[in-house]
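Counting starts at 1 for both ligands and their atoms, following the listed order. Hydrogens, waters and symmetry mates play no part in the numbers below; they use all other heavy atoms, side chains included. Residue indices begin at 1 and follow the sequence shown.
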Amino acid sequence: MNLKDHILELKGIGEKSANLFRKLNIETLKDLVFYYPRDYETFVPCIKASEVNAPCLCALKLRIVDDCKIRKIRNLTILNVSGADDTGVVQLTFFNMAYLKNTLKRGTTYIFRGQVLPKGTNLVMEHPKMYKEDEYAQLLKGIWPKYPLTKGITNQAITKAVSQVLDVCPMPADPLPDFIRDKEGLLPLKEALWQIHFPSNREMLVKARKRLAFDDFFSVILQLRRSKELVEEKTSDFPMIEVSQCTRLMEQLPYQLTNAQQRAWQEICQDLSSGICMNRLIQGDVGSGKTVVAMLALLMCVSNGYQGSMMAPTEVLARQHYESFLSMTKKYNLPFKPVLLVGSMSAKDKREAYSQIASGQANVVLGTHAIIQDKVEFKNLALVITDEQHRFGVRQRETLAEKGMQPHVLVMSATPIPRTLAIILYGDLHISVIDELPGERLPIKNCVVGTNYRNTAYKFIASEVSKGRQAYVICPMVEEGEMEDLENVVDYAEKLKAALPPEINVAYLHGKMRPADKNQIMESFGAGHIHVLVSTTVIEVGINVPNATVMMVENAERFGLAQLHQLRGRVGRGAHQSYCIFVSAKTEEDTLKRLEILNKSNDGFFIAGEDLKMRGPGDLFGIRQSGAFSFKIGDIYNDSDMLKASSEWADVILQEDPLLSCEKYNCIKGYFDEDAFNFIDFKSI
Ligand code: ADP
Ligand code: MG
């Protein structure tokens, strides 16, 4: 077998499961090998029933001591049975598993693993997993992968498939030269791949991750550096002069720009009038007011007679930009002629937009990142702004250069990254930091609460809505893919509707909805017709509805702190006091301590740093990536040492041998060989 082969070649995988695997973007054996676990599971030896005195996840060895009782509540079948060891009795409850009555016979013994709760004088275990004794003994010895799943695929199915491939298929040749591997203390690729799926122990898992993170960064950085000719400073074809319109707009705004905003604007203004192509990154925390700075840049651009565009990662955000351009244009009599360009527009509307762009009739194009990839012809595109772009501005310049264009480029990001890392990742970009929030804003009030607080939170939401405010509720992510995210959001919205007064309008939003539906929901929320929006994290990026004052996040313990901070950034944008409620199902000390960091600070840079400190570089269990940049496994915070090392090596190598033609570095070409190595597709990030 060969890594290029289709997964249908594997034993136990037929058309039906192949279709399900495709949903996870797994088609070939190679895809499987590079489908990394998102977490790991370890097992601990059984304890005695008498040792349980607080809710905990544990394993108990119990003998069944009575007969199964089955009852039905609506479409739920509940099976109850008691198990005991020599220290106590435990009530076991299973849902929709009536067939277990044939297994759980009086007198049989199993190991039950799950959450145990003391209830009165009883112990209760809901829906535990069951194991035979020898099976559990086996599990105790290992660290087991937990893969991201989708409905219909079990963790076991993926585990089996991966292990088959690792057993029978030759792995790709290692593209990293031996001497670099030795110097950095990295595992060979083949071993790293084995260990990431089936670690022998914690130490090996840490090493495997380190190697694969190195590769993630290294392949991207090599590609970045190799396109160096693209990033050199070049004379601009679109020289500009400072214009009075910008000063006038600043005077007319209902607020004064913060010092940090003014600084960023000055830097942009200098770039645009310098005669050199601008390549600038504006980094500013959520709510720091990047949009108005971008608007000033576009105003300077169109006042000089050119076209400009601003791109956002989602349609919802692009429309929001479009709406605010329309209203600002009208309100301040600005020379903008904005046009919207997004995927869900009808072919006719798109054609109309294309023709306005080509003729110059439209001078600001607002849309999704697809704008520059599309077949759009501009009349004189001089400035390209990408909003909430966590990724690489270079790639955009490449696309533009391919079209023979060389506009000024401005990238805006809310991802808090330390300057040292920013320089590696953005390489050639000049950086402006907006490190100040607009002054008159009331700080957001935060609280971290247990699930028993839910009803109080709902009452609070209802009272805010009655004052004319709005709320977001971010829905729990689902473990193990038992249900898909969308069902979860829908169910939750139903539940919430039932819990809130009938006059409150509840709607939901998730990533799998049709773009047109999403837009409609967002528009309606923006207009205040929807009072409470239940959503997945699709809401995380950039949305600006200043009237929303409550952000309630369910299962907050499962999110990275940086992500929670982004979510929180959706409120506290207007004049009203805003509130953030983090609901945590886990009461463990560490979880609370982590969430406390958010409670203490509203500063994204500080939060990211503290989060990293608390977790420690070796602590891999349950880590979610901070979500910044789409590396496969490498995380710029957790693996910052590898990021630095890979960047240094890339510099050394490309300096010595830019074409990678000498023997010493020849193997590195493997990083660019799509068939062998699963390098990150630069174009996709
Ligand atoms: P972000 O940096 O997250 O993109 P926005 O640009 O969306 O933030 O700005 C958030 C809100 O703050 C907007 O409603 C905007 O009008 C407002 N805002 C921007 N700058 C200022 C300022 N200097 N003073 C007061 N409010 C401001
Ligand atoms: Mg923004």
Side-chain angles (χ1 to χ4, degrees), residues 246-247 249-266 268 280-299 310-329 331-332 334 366-369 385-391 410-416 431-444 469-470 472 522 525-526 528 538-549 551 562-578 580 602-605 607 628:
C246 293
T247 335
L249 175 60
M250 283 187 278
E251 283 163 8
Q252 287 175 319
L253 284 172
Y255 49 77
Q256 210 185 352
L257 292 193
T258 62
N259 289 330
Q261 281 171 315
Q262 284 181 31
R263 235 181 3 252
W265 162 238
Q266 279 313 318
I268 291 167
R280 186 168 289 278
L281 165 73
I282 303 188
Q283 208 180 47
D285 212 341
V286 282
S288 61
K290 295 181 290 291
T291 320
V292 66
V293 176
M295 203 174 264
L296 285 166
L298 286 166
L299 183 55
M310 177 140 85
M311 301 184 285
T314 63
E315 274 203 14
V316 167
L317 208 49
R319 275 175 196 272
Q320 182 182 294
H321 285 322
Y322 176 66
E323 298 298 331
S324 72
F325 265 83
L326 282 183
S327 77
M328 296 280 277
T329 302
K331 194 161 167 193
Y332 301 113
L334 301 172
L366 288 318
T368 43
H369 291 164
I385 302 181
T386 44
D387 188 17
E388 302 295 347
Q389 175 66 293
H390 302 165
R391 296 145 191 184
L410 185 63
V411 178
M412 303 202 291
S413 164
T415 308
I431 303 174
S432 301
V433 181
I434 304 188
D435 51 3
E436 194 181 344
L437 292 182
E440 61 232 57
R441 237 173 254 157
L442 294 166
I444 299 168
R469 305 284 86 76
Q470 290 163 279
Y472 299 98
M522 266 332 289
F525 186 67
V538 292
I539 212 73
E540 177 187 348
V541 174
I543 295 298
N544 187 32
V545 179
N547 190 45
T549 54
M551 167 60 69
Q563 203 179 11
L564 287 176
H565 177 64
Q566 282 284 336
L567 285 169
R568 173 167 64 185
R570 297 311 111 218
V571 296
R573 301 184 142 247
H576 306 287
Q577 175 65 54
S578 288
C580 202
N602 275 325
D603 174 349
F605 287 76
I607 289 166

- Message: Test your reading of the structure: does Pro438 have an N or O sitting under 3.5 Å from an N or O of ligand 1?
- Response: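 Between Pro438 and ligand 1, no N or O pair is found under 3.5 Å apart.
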- Query: For ligand 1, is there an N or O atom under 3.5 Å from any N or O atom of Gly284?
  - Reply: no
- Message: To check you understand the geometry: which heavy-atom pair defines the closest contact between Ala312 and His321, and what is its length?
- Response: CB-CD2, 4.1 Å
- Sequence-distant partners of Gln266, side chain to side chain contact (heavy atoms under 4.5 Å, CB included), two or more places apart: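 For Gln266 there are no side chain to side chain contact (heavy atoms under 4.5 Å, CB included) partners, ignoring immediate neighbours.
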- Message: Below 4.0 Å, non-hydrogen atoms only: which portion of Leu257 touches ligand 1? Side chain, backbone, both or neither.
- Response: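 The part of Leu257 near ligand 1 is the backbone, not the side chain.
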- Winner among Val292, Leu317, Ile282, Thr291 once heavy atoms are compared against atom 5 (P) of ligand 1: Thr291
- Task: For Thr258, take its heavy atoms, then give the atoms of ligand 1 lying under 4.0 Å from any of them.
- Result: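 Those of ligand 1 that fall under 4.0 Å from Thr258 are 23 (N).
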- Query: Of all the atoms in ligand 1, which lie at a distance below 4.0 Å from a heavy atom belonging to Gln256?
  - Reply: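 This gives 22 (C), 23 (N), 24 (N) as the contact atoms.
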- Just jot down the side-chain hydrogen bond (donor to acceptor under 3.5 Å, both in side chains) partners of Asn547, sequence neighbours excluded, or say none.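 side-chain hydrogen bond (donor to acceptor under 3.5 Å, both in side chains) check on Asn547 returns Arg469, Gln470.
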- Hey, does the side chain of Gln577 reach the backbone of Pro443 with a donor-acceptor pair shorter than 3.5 angstrom?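 Answer holds: yes.
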- Query: Hey, does the side chain of Gln283 reach the backbone of Ile431 with a donor-acceptor pair shorter than 3.5 angstrom?
  - Reply: no
